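In what follows, a single structure is set out as structure tokens and then discussed.
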Amino acid sequence: MTDILKAIELRKDYRLPRGKTLRALDNVSLTVRSGEVLGLVGESGCGKSTLGRCLLRLTDLTSGTILFEDQDISRTNERALRPVRRQMQMVFQDSYAALNPKRRIGDLLAEPLRVHPDKNGQKRSRQVIEARLDELMDLVSLPRSALARYPHEFSGGQRQRINIARALALSPRLIVADEPVSALDVSVQAQIVNLFTDLKEQLGLTYVFIAHDLAVVRQISTRVAVMYLGAIVELGDTDTVMQRPAHPYTAALISAVPEPVIGASDRRILLHGDVPSPVSPPSGCRFHTRCPKAEKRCSEEAPLLRSIDEGHEVSCHFPNL
Amino acid sequence: MAGDAPLLDVRDLCVSFRSGGRDVPIIENVSFTVCEREILGIVGESGSGKSVTAMAIMRLIDDPGVSLRGSVRFRGQELTTLPQKAFRHIRGREIAMIFQDPMTAFTPVYTIGWQIDEAIRVHERVSKSEARTRTVRLLGDMGVPDPERTANRYPHQLSGGLRQRAMIAMALSCNPALLIADEPTTALDVTVQAQILDLLRNLRTDYGSAVMLITHDMGVVAETCDHVMVLYSGRVAERGPASAIFTQPAHPYTAALLDSIPPLTGPRPMRLPSIAGVPPAPLERPPGCAFAPRCHYAHDACSVLPPLVRFAEQDVACILPGEGKALPPRILHGAEA
């Protein structure tokens, strides 16, 4: 499997009033392999959305390097970035906010096709665009008549289909989906998760799938990266991470998910307190303030992300092995 | 549950809104009971009428276009016809409510402690310092670190988890017999949600309160509730003990809803079993079973509104059990792992 995207030591700082800085990403390195689904999980404020946006250069980095198919795009200007943008698209959580309410669906989906030239560098003709729009509607299982309607006429699930169709318009290779199903009801959520799976098979796509819901991430991902306060704490194959979590945070996160089964809560690891503020993260290991296994060393020395098994990395002094 | 009269007895509750010259039925004939110290889960998708049910009980729907029918009895006393003034002695004192967004439920211009003190002093004749002592104790009981200091902070200075704890402290300040919690953990992260659910589960022993927990999350219900009521499109689809509903759901909607949740353990299905389509809007509700258009088992007989019938331990609004075609028990993978 080749690598489609490589992120090396990404850092993103936000400047706050009174000289403070919020380090949203702290030395994050990861590789997205072609054809995989990489799940990014973590609680609010862990930096998963910032990472997603940085990977697509929707947010500028403070430092670090991003390689898209071996091309360094970390500092490329907007103009030079355009041909790369066609290859990578994003789907957002709020399906309504992502669509201009004053424009018809057909118009919204045609825009990327009008802005970007086709692969021969030619402007697409109206007929070509119209044919592509019909194709897109078929891909996401919406009636073609939807093209003539406005965003408010659709339900949340249908609107998310429209957002997916728009992301697919230019036949990208990589899609970053940021909490694409968390605003949906469970029954609709299952439809959209299935749609993501089907499209990946059909079109050979690669996803970075950002979500806080571990069950959804487990369902769709081949690999999972768990984030806590701006850093990746564990990374590995979905089944390995879910069945044998090495980081105490991953273990607690998995055990905290309420399962629709009676008696499932008996094996819960209850963490104390809330996630600390990323403006003043704890010293040493960032998780040591809530960690049931923390020792003196944890508050003094920050653990590095290291490999404990093939393809399984964890940043913890005392991982569960 | 003690065999005596229930704490809350809701019968045939109907709420409709006037819109465009028509009556739009939001909830229809919703009936259920909550016993002392019981935790009842009300579960359903958005628009199923969960919150409207709670608002109707609390008489918080204050719109001239709303018509409310049916009966809500609390300890035998009818609440729907009680004068507003008399109802104030019950709301907040006997029945308290917490909401999904603790930020908007608190006033941003007063400290948390001030607001909880006020809630106590509205219902009971106690001095300011006595009220504050109780506030601090309550905050401490709810697991708020350094409660004296936290009481002097403003809502925006607290994290979401702490705000929700403060909100529960305020709701419990007058020791209510019933706490209505409307999606109390939806805005929280899972690790914090686990803490809050733990707190709610212990209220019955620590405070003797019953809880009516409104949620869209079947996992939250399974981990917290004794009884469950599943709403679909403003009607009761199924209700009964959680142990029964999570092992053998009798309504195809309950079964399909449980199936569509991706499993956390066991084999991963290639595709998730999903329910096609979306719930009908109130005005487009079919005359028969509201779930029929999305149901695998739908047939001609479903065009008549099915009454709630007894099946095993639960009540179900479906004709399948009556036809001797009850659904099979749920298949669970790795539940004991």
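Letters go in sequence order (proteins before strands), and every chain restarts at 1. What you are looking at is a predicted structure, and each value in this text was computed from that prediction instead of being measured.
With chain A as partner, the option from B/Ser274, B/Gly219, B/Ser159, B/Gly47 having the largest number of non-hydrogen pairs under 4.5 angstrom is B/Gly219. Residue with the most contacts toward chain A among B/Gln195, B/Arg330, B/Arg294, B/Met270: B/Gln195 (heavy-atom pairs, distance under 4.5 Å).
For a residue to count as touching a neighbouring chain, one of its non-hydrogen atoms must lie under 4.5 Å from one of that chain's; by this rule A/Ile254 touches chain B with backbone and side chain alike. Heavy atoms of B/Val278 lying under 4.5 Å from chain A belong exclusively to its side chain. Interface residue B/Leu258: only side-chain heavy atoms are found under 4.5 Å from chain A. In this structure, chain A has a heavy atom under 4.5 Å from the side chain of B/Asp198, while its backbone stays farther away. With a 4.5 angstrom heavy-atom cutoff, B/Pro279 does not touch chain A via any of its atoms.
Using modelled atom types, no side-chain atom of A/Gln219 and backbone atom of B/Arg268 make a donor-acceptor pair closer than 3.5 Å.
Tested against B/Pro262, the residues A/Val216, A/Ile220, A/Leu214 include a single side-chain contact (heavy atoms from CB on, under 4.5 Å) partner, A/Val216.
Atom CE in B/Met218 sits 14.5 Å away from atom CD in A/Glu259 (nearest 0.5 Å). Once rounded to the nearest 0.5 Å, the distance linking NE2 of B/His216 with CG of A/Leu184 reads 10.5 Å. Between B/Leu264 atom CG and A/Met242 atom CE the span is 4.5 Å, to the nearest 0.5 Å. Once rounded to the nearest 0.5 Å, the distance linking OG of A/Ser187 with CD1 of B/Ile261 reads 10.5 Å.
Using non-hydrogen atoms only and a strict 4.5 Å limit, the part of residues 237-250 of chain B facing chain A consists of B/Ala242, B/Ser243, B/Phe246. Chain A is approached within less than 4.5 Å, heavy atom to heavy atom, by no residue from residues 139-147 of chain B.
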Check: Would A/Asp198 and B/Arg271 count as a side chain to side chain contact (heavy atoms under 4.5 Å, CB included) if you check the C-alpha gap in whole Å, the side-chain angles of each, and the deciding distance to 0.1 Å?
Finding: CA-CA 9 Å; A/Asp198 295 345; B/Arg271 306 182 91 249; 2.4 Å; yes
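Side-chain polar atoms of B/Thr191 and A/Glu43 form a donor-acceptor pair below 3.5 angstrom.
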